[in-house]
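Heavy-atom basis, side chains included; hydrogens, waters and symmetry copies ignored. For this chain, numbers begin at 1 and follow the sequence in order.
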Amino acid sequence: MAFLIDLFAQYGDHIVSFATIIFIICGGLKKWFAWLVGLCSQVVWTTWAIVDQNYGLFWLISFNVVLYTFFHFRWLKEHREQLAERASEKAK
């Protein structure tokens with residue numbers, strides 16, 4: 001466990017950056033969980049920015065929140081359309 005703490009202390013910014021890229025890709029692929037995990041990862045980024053006093057990260061955080069929210073509403077709209085289409089096919 002100490003190894004993981006040391007690893008994150010040394011490479012935490014790289015780990016969080018890589019995770020953010022993965023979640024953005026999953027969001028673009030419309031994975032249902034990506035927007036939620038992506039929004040939660042912004043809490044980690046916000047904490048990192050405050051602790052490190054790197055307030056320039058708030059632009060990145062704000063952009064990602066908008067992006068994940070957009071992905072969520074796009075996925076939700078398409079999901080509802082698919083459900084309505086399936087319901088109309090069953091009704092025939």
Exercise. Can N64 and I61 be said to form a side chain to side chain contact (heavy atoms under 4.5 Å, CB included), step by step?
Worked result: CA-CA 5 Å; N64 283 337; I61 295 164; 5.9 Å; no

Exercise. CZ of F63 to OH of Y68: how many Å apart, nearest 0.5 Å?
Worked result: 9.5 Å

Problem set entry | Residues forming a side-chain contact (heavy atoms from CB on, under 4.5 Å) with L83, sequence neighbours excluded | H79, R86

Problem set entry | Any R74 side-chain heavy atom under 4.5 Å of E78 side chain | yes

Problem set entry | Partners passing side-chain contact (heavy atoms from CB on, under 4.5 Å) against T69 (at least two apart in sequence or in another chain) | L39, V65, F73

For this session: May I ask whether Y55 and W59 are part of the same hydrophobic cluster, defined by side-chain heavy atoms of I, L, V, M, F, W, Y residues being less than 4.5 angstrom apart, directly or through others?
Result: no

Problem set entry | Listed partners of I50 passing side-chain contact (heavy atoms from CB on, under 4.5 Å), at least two apart | T46, F58

